[in-house]
Amino acid sequence: MFNSLKIKTAGTIFIVLLFLTGMVLIFSSLNINNNINAISTSWNSFQKNYSARGRLLNMLRSEMGFGGMIHQFKNYILRRDLKYVVRAQARMGGMLASIREYETLDLNVQEMKALGVIRESIDAYSLALKKAVELSKNNISSEKLDKIIKIDDSRTFRALDVLLQASVNHNSNKKVVNKTQLITLLNVELGYGGLIHEFKNYVLRGDQRQLPKVRKHLTQARDILFRYNKTGINENETRAISDIISVIDAYKAGLVKAEDLTSKNIRGEKIDSLVKVNDAPALEGIVTLKKAIVNYNKTEEEQVDRLLISASSLVSISMWITITIIIFLVLLSMLLIHYKIVKPLYKMTRSMKSLANNELDTEIPDSGKSTELGAMATALQVFKDNVIRAEKLAEEKQKEERIKEERQNFVEVSTGQLNKVIDAVAKGDLTQRAEITGEDTDELVQMGINLNRMIESLNDITVEINDATANTASSLTEVQSALTAQSSSATEQAAAVSETMSTLEEIKATSNQTLDKVSSLGEIAEQSRKESEHGLLIIDETVSGMELINQKVEAIAASILELSKKNQQIGEITSVVEGLAHQSKMLALNASIEAAKAGEAGQGFAVVAEEIRNLANQSTESTAQVKAILQDIQSFTEKTVMVTEEGTKQVSKGVVQVESAGTTMATLNEVVKQASISSQQIIAVVRQEAVGINQINIAMKDISTSTNNMVSAVRQTEKAMVDLNDIADALKNKVSIYHI
């Protein structure tokens with residue numbers, strides 16, 4: 001399967017796997033992000049519903065307002081019962097404890113000043129309460145007592161507004177009003193500066209200007225309960241809201257009755273006794289709502305724990321999947337690089353070096369395969385075959401050159417001898433003979449033999465002419481016979497020249513074939529050069545593919561580092577949760593102390609403090625477990641980064657080896673170019689030789705023409721035998737020049 005796998009295909013598979021890995025990482029990151037957002041939302045809700053400012057402000061309002069200090073203080077003024085003094089003093093102590101705890105928070109200057117104003121108000125009401133107890137011994141009326149100990153609450157109202165505004169701003173979203181804030185607002189409308197405060201003042205003072213304020217607080221209190229009802233409530237909360245509304249309605253009816261009594265000039269204790277309202281259902285209802293809020297906060301914390309556990313499990317699963325896929329991809333890439341690139345390239349490099357050393361019997365690995373390296377091996381095999389073919393052609397050419405050179409030397413020597421003999425014969429020396437050694441079938445040897453025969457014939461003719469000149473008449477028949485023989489010899493000489501022409505034509509054809517072979521060799525060398533350049537392009541593409549693999553592995557490493565940062569952010573969230581749990585423990589401890597101080601009245605608050613302590617312990621344990629899991633995830637992430645870096649180094653080594661193969665291929669390409677240049681030079685030399693052979697052929701054609709002319713002349717001599725008697729004397733004189 002791997003033997004026929006192309007590098008391009010392998011790269012595509014690797015990229016697809018990397019894409020799938022990226023999709024898994026993206027999916028995991030999205031899920032983690034969604035869970036973290038849910039955790040953040042739940043945490044923000046938890047902060048809003050259980051923040052220290054909101055809780056302490058509620059406690060301060062409860063201790064001061066409805067059922068608290070001001071409520072008990074006004075009841076004492078109207079009813080002169082010392083139990084209200086005790087309750088008012090207990091509420092003052094609770095307010096001071098809340099203020100002390102409030103001051104431990106990170107407060108701004110305005111909040112610190114506001115707490116100082118409230119503390120001053122508590123001191124003022126404490127002194128007023130003592131003074132009221134002293135004055136009550138003198139049987140002073142409630143209206144007069146109220147005028148004597150009357151306290152200006154405007155600064156305290158503004159201070160409470162500052163604290164309320166700071167609490168709302170601390171929740172970062174002013175438009176979101178939760179149950180804790182609604183309870184705070186309800187305390188504002190019912191308690192200090194609210195419904196009860198203004199109602200008691202109206203009963204004491206009969207001031208008609210306070211009626212709109214009381215009605216306003218009644219309306220706003222009902223509106224707050226209506227809004228609370230829309231936040232999603234259980235059965236207990238529904239019953240508590242109904243009880244609170246019934247008390248509000250009772251105060252509304254009491255206000256109408258008090259207004260009627262005031263118009264009849266009835267004041268103080270009398271009106272209070274007639275419009276007295278049982279506040280217990282409303283107080284118990286508020287306590288029920290606060291317990292529901294505590295339970296709601298506990299549910300929110302459990303939701304945070306579940307989301308953290310889910311996020312932790314998802315991160316763990318995603319990490320293991322990512323690690324497994326990355327290890328698989330690294331191993332797969334190592335196998336592919338080793339078996340598809342490194343090992344074949346090593347074999348190819350070794351074969352190239354052997355070919356560079358002219359070891360033509362070297363076997364080319366992977367030749368004929370359909371992969372890129374197979375194509376490279378096939379091109380190298382073609383180059384090897386071309387080199388072998390070129391060497392064979394070069395040997396044949398060298399052999400032909402040697403034969404041609406020997407033939408040329410033989411022709412030059414033989415032609416020189418023939419020219420020498422012909423020149424001597426032309427000068428009248430018939431004693432010379434052509435000495436040409438060689439095969440009897442050789443044209444020049446035959447030419448020499450024919451020339452010697454011709455000389456001998458001329459010699460014989462000369463002898464015969466000499467004899468004929470002595471007795472022309474008697475030897476005319478013999479001379480005619482001799483001329484006939486001479487004509488025959490001339491014909492034979494013409495035939496020999498024709499055979500020589502045919503031989504030269506064959507040499508010319510052989511030279512043209514040699515030129516064609518050398519041209520073919522040049523084309524093969526040029527093709528080898530192109531194949532070598534194609535091999536260089538393939539190696540460049542391989543280097544580009546390896547660099548792309550290196551970039552993808554680095555991208556995986558960057559994604560893993562980003563996941564590590566997300567784990568650190570979750571760790572920061574758990575640190576915040578742990579700090580909150582620690583503060584809750586401190587709060588529970590202080591609450592227990594204050595509950596113990598309050599005696600039986602603080603037992604219910606002691607139960608709430610115990611629940612808060614248990615909740616804080618559970619938060620601490622869950623935070624420790626989350627930290628341990630995050631540390632394991634961080635450790636796995638670091639190991640994954642190390643493995644990814646190692647894979648990147650291996651890919652870099654592969655790139656270096658491929659570049660080394662490219663360098664070797666470039667050297668081989670230079671050798672091929674030199675071979676192509678040498679082939680072009682050989683072609684030029686062979687063409688020049690073909691031109692020389694063509695010139696020799698033209699010269700032999702001239703010799704053939706001369707020989708034919710000689711044959712014609714002999715025939716004319718035969719025709720002129722009838723005139724031989726007239727020129728016999730002249731011929732005798734001419735023949736005397738020959739040496740025989």
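Owing to the predicted nature of the structure, the values given are computational and were not obtained by experimental measurement.
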Look at the side chain of S98 and the backbone N and O of G94, then say whether any donor-acceptor pair between them is shorter than 3.5 Å. yes

Quick one: salt bridge (Lys or Arg N to Asp or Glu O under 4.0 Å) partners of K264, sequence neighbours excluded? D260

In chain order, what residues pass the ring pair (Phe, Tyr, Trp, His ring centres under 6.0 Å) check against Y84, with sequence neighbours excluded? none

Of all residues at least two apart in sequence or in a different chain, which pass the salt bridge (Lys or Arg N to Asp or Glu O under 4.0 Å) check with R155? E120

So does A132 get a backbone contact from the side chain of S136, meaning a donor-acceptor N/O pair under 3.5 Å? yes

Report the residues that fulfil salt bridge (Lys or Arg N to Asp or Glu O under 4.0 Å) with R80, sequence neighbours left out, ordered by chain and then residue number. E269

Are side-chain heavy atoms of R227 and D223 found at a separation under 4.5 Å? yes

With side chains defined as the heavy atoms from C-beta onward, is the minimum distance between R222 and D249 less than 4.5 Å? yes

Has N138 got more than 12 heavy atoms of other residues, nucleotides or ligands less than 6.0 Å from its CG? yes

Can you name the residues that form a ring pair (Phe, Tyr, Trp, His ring centres under 6.0 Å) with F73, not counting sequence neighbours? Y125

Salt bridge check: are E235 and R239 linked by an N-O gap of less than 4.0 Å? yes

Would you indicate whether the side-chain heavy atoms of V188 and D161 approach each other to under 4.5 Å? no

E284 backbone acceptor or donor facing T288 side chain under 3.5 Å: yes

Quick check: do R61 and L160 have side-chain heavy atoms less than 4.5 Å from each other? yes

Measure the shortest side-chain to side-chain distance between P281 and I244 over non-hydrogen atoms and say whether it is less than 4.5 angstrom. no

With sequence neighbours excluded, what pairs up with H217 under the ring pair (Phe, Tyr, Trp, His ring centres under 6.0 Å) test? none

Considering only heavy atoms from C-beta outward, does the side chain of V162 approach that of K113 to under 4.5 Å? no

Verdict with supporting geometry, L164 and T184, side chain to side chain contact (heavy atoms under 4.5 Å, CB included): CA-CA 8 Å; L164 178 61; T184 302; 3.8 Å; yes

Just wondering, do M95 and M69 contact through their side chains at under 4.5 Å, heavy atoms? yes

Tell me if a side-chain donor or acceptor on S121 pairs with a main-chain N or O of T156 at a distance below 3.5 Å. no

One pair to check against side-chain hydrogen bond (donor to acceptor under 3.5 Å, both in side chains): Y228 and E237. What are the steps and the verdict? CA-CA 9 Å; Y228 190 100; E237 289 177 295; 2.7 Å; yes

Determine whether I224 and I183 make a side-chain contact, defined as any pair of heavy atoms from C-beta on separated by less than 4.5 Å. no

Starting from the C-alpha separation in whole Å, work towards a yes-or-no answer on side-chain hydrogen bond (donor to acceptor under 3.5 Å, both in side chains) for K213 and N201. CA-CA 11 Å; K213 296 180 181 179; N201 285 338; over 6 Å; no

Test your reading of the model: is there a side-chain donor-acceptor pair from S126 to the backbone of D123, 3.5 Å cut-off? no

Looking only at side chains, do D279 and Y251 share a donor and an acceptor under 3.5 Å apart? yes

